[in-house]
**Q** 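Let me give you the structure first, and then I'll get to my questions.
Chain letters run A, B, ... following the sequence lines, proteins first, then strands; residues in each count from 1.
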Number of protein chains: 2
Amino acid sequence: MPDDTTGVYFALFLEAGIIDQIGRAFLEKRLPGGLLTSHFGVVSHLIRVRDGVTPLELARAFQVPKTTMTHTLAGLETHGFVETRPNPADRRSKQVWLTEKGRRFRDDAIAAMAPLFAELERRFPLDKAQAMLPHLTAFREVVDRLRDEMD
Amino acid sequence: MPDDTTGVYFALFLEAGIIDQIGRAFLEKRLPGGLLTSHFGVVSHLIRVRDGVTPLELARAFQVPKTTMTHTLAGLETHGFVETRPNPADRRSKQVWLTEKGRRFRDDAIAAMAPLFAELERRFPLDKAQAMLPHLTAFREVVDRLRDEMD
DNA sequence: TGTTTTTAATTCGATATCGCACTATAAAGT
DNA sequence: ACTTTATAGTGCGATATCGAATTAAAAACA
């Protein structure tokens, strides 16, 4: 495998990292004090996908260690954005449910980001973004599976 | 702006974040104890781009706060992977130079990642990766500029 | 059924990350 | 030249992140 080959995949991870970093910084500057991208991410996931999921499922969705998710959920619960209830199907486990306050937090954050997305659309046209998304998703899916398998 | 529009850009950040997360976890599992992606990233940058750059330039390259870069560089210096010298052109500033040990650290890390990239190439063909990279880079460049301008 | 192994979550300790405030120097404006 | 403003880097405190070990419950298996 030529060095260039490695370079391309390497560059993809590098670009993803910088995009993530900028996105986080931008979002966090617009979140209420003490709240981070991790908090927003979880609440957003509970709305986008569904709530009532377990902490472990959330940890897997974001590919973070369980212990990190425990911590993030504790913060969200302190803020009253989620509540956890026992999982009726498994007494080791919990379910995470959104509160009204949590939904409002997410709506406010999205509203605060709207100007960015508007400007972004002006500079990186929607059709280009739409064209790229499925490829990036496919790459993520491959990497995701690879992680499970290569440990 | 329809909600879907926001959704596409939003999804791009989300995918980037997960790819970054998986890449970090994978790399860090293969780095010597106490060394993180941040350390590898800086050393790698000093080789890929050039060394002798200032801490601030590095902070900008990775879009992290200056104070984070100070900390990362301190760790690298402790490990003997870089050394910092006064900047002859500006007495407030420094220059960061690689050591032989630093180059070896980077080479070893890349070698440890090789199996991943090899398997990755099997599952996500090189031509697709090559096709996607310039678009992702373009997106990063736009977001990067936007960050500077929208504060 | 009883034992062993796996799984969900948490606690704890180490370190990374980051914002704020500060110092030193440089650059800009008068 | 002198004052003002901007810039490079650091110290400190708060909190996030993560790995290792632990506990409780479930699943696998004898």
Side-chain angles (χ1 to χ4, degrees), chain A residues 17-18 20-42 52-79 82 84-96 147-148 151, chain B residues 17-18 20-42 52-79 82 84-96 147-148 151:
Chain A
I18 294 174
D20 176 63
Q21 179 68 23
I22 297 173
R24 280 173 184 270
F26 199 93
L27 174 61
E28 285 172 12
K29 218 175 296 179
R30 284 156 182 81
L31 290 181
L35 291 163
L36 301 179
T37 304
S38 46
H39 300 116
F40 172 78
V42 168
V53 296
T54 70
L56 187 59
E57 288 173 315
L58 289 169
R60 289 207 178 109
F62 292 97
Q63 293 287 4
V64 297
K66 292 185 298 188
T67 167
T68 300
M69 190 49 65
T70 297
H71 185 80
T72 303
L73 289 172
L76 285 172
E77 208 156 6
T78 301
H79 280 87
V82 302
T84 58
R85 304 181 206 148
N87 186 338
D90 182 342
R91 281 198 297 166
R92 291 169 302 180
S93 180
K94 291 180 168 183
Q95 292 179 326
V96 183
R147 179 203 148 98
D148 287 341
D151 194 51
Chain B
I18 295 174
D20 176 63
Q21 178 69 24
I22 297 174
R24 280 173 183 269
F26 199 93
L27 173 61
E28 285 172 12
K29 218 175 295 177
R30 284 156 183 80
L31 290 181
L35 291 163
L36 301 179
T37 304
S38 46
H39 300 117
F40 172 79
V42 168
V53 297
T54 70
L56 186 58
E57 287 173 317
L58 289 169
R60 288 207 179 110
F62 292 97
Q63 293 287 1
V64 298
K66 291 185 299 185
T67 167
T68 300
M69 189 49 66
T70 297
H71 186 80
T72 302
L73 289 172
L76 285 172
E77 209 156 5
T78 300
H79 279 86
V82 302
T84 57
R85 304 182 207 148
N87 187 338
D90 183 342
R91 283 197 296 166
R92 292 168 302 180
S93 181
K94 291 180 168 183
Q95 292 179 327
V96 183
R147 180 204 147 98
D148 287 340
D151 195 52

**Q** Taking the side chain of B:Leu36 as its heavy atoms from C-beta onward, which of C:dA16, C:dA8, C:dT17 lies nearest to it?
**A** C:dA16
**Q** With respect to the side chain of B:Pro55, which nucleotide from D:dA16, C:dT7, D:dG9 is positioned closest?
**A** D:dG9
**Q** Looking at A:Thr67, is its backbone amide N or carbonyl O close enough to the side chain of A:His71 to form a donor-acceptor pair, meaning the two atoms are under 3.5 Å apart?
**A** no
**Q** In whole angstroms, how far is the P atom of C:dT17 from the CD atom of B:Gln63?
**A** 15 Å
**Q** Send over the distance from A:Leu58 CG to C:dA9 C1', rounded to a whole Å.
**A** 13 Å
**Q** Going by heavy atoms in the side chains, are B:Thr72 and B:Val64 under 4.5 Å from each other?
**A**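 SC-SC contact between B:Thr72 and B:Val64 ruled out.
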**Q** What is the distance from CG of B:Leu73 to P of C:dA16, rounded to the nearest Å?
**A**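 To the nearest whole Å, that distance equals 13 Å.
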**Q** Within the side chain of A:Glu28, is there an N or O that forms a donor-acceptor pair under 3.5 Å with the backbone of A:Thr37?
**A**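 Answer holds: yes.
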**Q** Using only side-chain N and O atoms of A:Ser93, determine if any of them is under 4.0 Å from OP1 or OP2 of C:dT7.
**A**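 Answer is no, no contact under 4.0 Å.
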**Q** Check the distance between C:dT17's P and B:Phe62's CZ and give it to me in whole angstrom.
**A**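 One finds 11 Å between P of C:dT17 and CZ of B:Phe62, rounded.
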**Q** Is any side-chain heavy atom of B:Val96 closer than 4.5 Å to one of B:Glu57?
**A**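 Sidechains of B:Val96 and B:Glu57: no contact.
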**Q** Could you state the CG-P distance from B:Leu76 to C:dT15, rounded to the nearest angstrom?
**A**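 In whole Å, C:dT15 P and B:Leu76 CG are 16 Å from each other.
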**Q** Tell me which nucleotide among D:dG9, D:dA16, C:dT7 gets nearest to the side chain of A:Ser38.
**A** D:dA16
**Q** Where each residue is assigned the nucleotide of DNA chain D containing its nearest heavy atom, which of B:Arg24 and B:Asp90 is assigned the position nearer the 5′ end?
**A**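 Closest to the 5' end, via its nearest nucleotide, is B:Asp90.
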**Q** Between the side-chain atoms of B:Arg91 and the base atoms of C:dT25, is any donor-acceptor pair under 3.5 Å?
**A**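 Such a pair does not exist between side chain and base.
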**Q** Does C:dA16 have OP1 or OP2 under 4.0 Å away from a side-chain N or O of B:His71?
**A**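 Result: yes.
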**Q** Should the side chain of A:Lys66 and the base of C:dA9 be counted as holding a donor-acceptor pair, with the cut-off at 3.5 Å?
**A** yes
**Q** Compare side-chain N and O positions of A:Thr70 against OP1 and OP2 of C:dT11 and report whether any pair is under 4.0 Å apart.
**A**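 So the side chain of A:Thr70 is outside the cut-off, no N or O lying under 4.0 Å from OP1 or OP2 of C:dT11.
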**Q** Give one of base, sugar-phosphate or nothing for A:Gln21, where a contact means two heavy atoms less than 4.0 Å apart.
**A** sugar-phosphate
**Q** Check whether A:Gln21 reaches the backbone of B:Gln63 with its side chain - one donor and one acceptor, N or O, closer than 3.5 Å.
**A**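 Checked: pair present.
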**Q** Does OP1 or OP2 of C:dA8 have a side-chain N or O of A:Thr54 closer than 4.0 Å?
**A** no
**Q** B:His39 side chain to B:Leu36 main-chain N or O, any donor-acceptor pair under 3.5 Å?
**A** yes
**Q** How close or far is atom P of C:dT7 from atom CE of A:Met69, stated in whole angstroms?
**A**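 So the CE-P distance, A:Met69 to C:dT7, works out to 19 Å.
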**Q** Please give, in whole Å, the distance from C:dC20 P to A:Glu28 CD?
**A** 12 Å
**Q** Need one value for A:Asn87: base, sugar-phosphate or nothing, where a base atom within 4.0 Å counts as base even if backbone is also close, heavy atoms only.
**A** nothing
**Q** May I ask you to say what B:Thr67 touches in the nucleic acid, namely base, sugar-phosphate or nothing, with a heavy-atom cut-off under 4.0 Å?
**A**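 Since a base atom lies under 4.0 Å of B:Thr67, the category is base.
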**Q** From C-beta outward on B:Lys94, which listed nucleotide comes closest to its side chain: D:dG9, D:dA8, C:dT6?
**A** D:dG9
**Q** On DNA chain C, nearest-nucleotide positions of A:Ala25 versus A:Arg60: which is more 5'?
**A**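 Closest to the 5' end, via its nearest nucleotide, is A:Arg60.
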**Q** Rounded off to whole Å, could you give me the CZ-to-C1' distance for the B:Arg92 and D:dT5 pair?
**A** 12 Å
